[in-house]
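A short write-up of the structure that comes next.
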Number of protein chains: 2
Amino acid sequence: MDICVTTLLRDKGFKVTPQRLAIYNALAATKSHPSAEMIYNDLQPYYPTMSLATVYKTIEILKELDLVQVLNVGEDSFRYDADTTNHPHVRCMCCGRVEDLQGIDSSDFISRVSAHTDYAIQGQQFYFYGTCPACQKTSAVVS
Amino acid sequence: MDICVTTLLRDKGFKVTPQRLAIYNALAATKSHPSAEMIYNDLQPYYPTMSLATVYKTIEILKELDLVQVLNVGEDSFRYDADTTNHPHVRCMCCGRVEDLQGIDSSDFISRVSAHTDYAIQGQQFYFYGTCPACQKTSAVVS
DNA sequence: GTTTTTGCAAACAGTTTGCACTATC
DNA sequence: GATAGTGCAAACTGTTTGCAAAAAC
């Protein structure tokens, strides 16, 4: 996996730095769809001198290499996903957690939309909003 | 329509001001899904002393009254829609225009997702990205 | 040794807030 | 006349940029 990123960076003329590898690995190792700041905080113990600007600059490159996708779940900040397959996401409106919705085939819905519009559709993002299992339990106890 | 907004505002204890009516009317009269700044610019000729802060504060209230919905199409700024029915949107990646995708029934897709996840789904947003008819023509000429 | 990257700080854009003045009720 | 809203400017947050020192090649 590391080798792959290294090669991809080199091929496009980018230099390979520990920061870049760490940021990509942090993203690839989590399912939590972190924001730039979350990545920064996660890496802080291991790269105490790394700056937030480096996280942003690296994400920019990773986008270019198609190694991450950007999520815009309606919060203040963007979130990033190293899984670049196009899958729907859910956000818990209670705790803010963002999760993947795997195993849902949306191809028929997409082709239905494509057929219905004059736009040449190139991509899409599906965001669902609700309450996660953990928060459902909590509110059940309270009410 | 005005009467309706007036009543809704009063019922919730908000005062009825020309600015609030103008902002709602501007939103209700367009299909262009304007940002706060666009609304501000549109109204500038008629309300030259109105400030951007008033636009934001008013939108906040209109959200509370369920008179507008917020779109997060992946740009720098939010966009607003006075059509609060839940319909998909397309953004042209060439000119930035945002349009409604009317007449698409997504209820089966939504119920398929609801059945598939542990989340209690309360809402969703579907964003499509592509090239609008006008931009398709332009790029065809160029290439 | 050249060229790119880092990390800092300053800049920036969109949005929010505090507060005196004004308008609504 | 009491209460809430406006408009200004300043604050704030997430993100971007410029640049000298440092690292990659």
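Proteins get letters first, then strands, A, B, ... in listed order; numbering begins at 1 in each. Only heavy atoms go into these numbers, but all of them, side chains included; no hydrogens, no water, no symmetry mates.
The side chain of A:Lys15 lies closest to C:dT3, out of D:dG14, C:dT3, C:dT15. With D:dG14, C:dT5, C:dT15 as the candidates, the nucleotide lying closest to the side chain of B:Ser77 is C:dT15.
Side-chain atoms of B:Gln122 and A:Thr131 form a donor-acceptor pair, as typed in the model, at a separation below 3.5 Å. A:Tyr119 and B:Gln136 share no side-chain donor-acceptor pair at under 3.5 Å. A donor atom on one side chain and an acceptor atom on the other are not found under 3.5 Å apart for B:Gln125 and A:Gln125.
In this structure, CG on A:Asp11 lies 10.5 Å from OG1 on A:Thr6, to the nearest 0.5 angstrom. B:Asp100 contributes atom CG, which lies 7.5 Å from atom OG1 of B:Thr85 (distance to the nearest 0.5 angstrom).
Between B:Phe128 and A:Phe126, the ring planes lie perpendicular to each other; the angle is over 60°, past the 30° to 60° tilted range. Ring-plane geometry between A:Tyr127 and A:His89 is classed as tilted, the angle between the planes lying from 30 to 60 degrees on a 0 to 90 degree scale.
For A:Thr17, no side-chain nitrogen or oxygen approaches OP1 or OP2 of C:dT4 to under 4.0 Å. Between A:Arg10 and D:dA24 there is no side-chain N or O to OP1 or OP2 distance below 4.0 Å.
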- Task: Treat a base pair as Watson-Crick or G-U wobble with both distances under 3.5 Å, then lay out DNA chain D in dot-bracket form, 5' to 3', with | for cross-strand pairs.
- Result: |||||||||||||||||||||||||
Donor-acceptor list for residues 38-45 of chain A side chains, cut-off 3.5 Å, not counting sequence neighbours:
{"residue": "A:Asn41", "atom": "ND2", "partner": "A:Glu37", "partner atom": "O", "Å": "3.3"}
{"residue": "A:Gln44", "atom": "NE2", "partner": "A:Pro48", "partner atom": "O", "Å": "3.2"}

At a cut-off of 3.5 Å, list every protein nitrogen or oxygen paired with a nitrogen or oxygen from nucleotides 8-12 of chain C, distance to 0.1 Å.
{"residue": "C:dC8", "atom": "OP2", "partner": "A:Thr49", "partner atom": "O", "Å": "3.4"}

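Rounded to whole angstrom, the span from the NZ atom of B:Lys63 across to the P atom of C:dT16 amounts to 7 Å. Distance, B:Tyr40 OH to C:dT15 P: 14 Å, rounded to whole Å. The separation between A:Phe14 atom CZ and C:dT5 atom P is 7 Å, rounded to whole Å. One atom, CG of B:Leu9, and another, C1' of D:dA4, lie 12 Å apart when rounded to the nearest Å. When the C1' atom of D:dG18 is taken as reference, atom OH of A:Tyr56 falls 18 Å away, rounded to whole Å. Rounded to an integer number of Å, the gap from CD of A:Glu60 to C1' of D:dT15 is 10 Å. When rounded to the nearest whole Å, the span between CG of B:Leu43 and C1' of D:dG7 equals 15 Å. Protein atom CD of B:Glu64 is 11 Å distant from nucleotide atom P of D:dG5, rounded to whole Å.
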- Query: Do A:Glu60 and A:Lys57 pass the salt bridge (Lys or Arg N to Asp or Glu O under 4.0 Å) test, and can you show the C-alpha distance, the side-chain angles, and the key distance before you say yes or no?
  - Reply: CA-CA 5 Å; A:Glu60 206 51 43; A:Lys57 286 168 183 167; over 6 Å; no
- Query: Between B:Arg79 and B:Asn72, does a side chain to side chain contact (heavy atoms under 4.5 Å, CB included) hold up when you go through it step by step?
  - Reply: CA-CA 7 Å; B:Arg79 284 161 167 264; B:Asn72 204 0; over 6 Å; no
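Using a 4.0 Å heavy-atom criterion, one finds that B:Gln19 contacts the sugar-phosphate atoms exclusively. Counting non-hydrogen atoms under 4.0 angstrom, B:Thr54 reaches a base of the nucleic acid.
Both B:Asp76 and B:Pro18 lie close to DNA chain C; mapped to their nearest nucleotides by heavy-atom distance, the more 5′-ward contact belongs to B:Asp76. Each of A:Arg20 and B:Phe78 was assigned the nucleotide of DNA chain C with the nearest heavy atom; the assignment lying further toward the 5' end belongs to A:Arg20.
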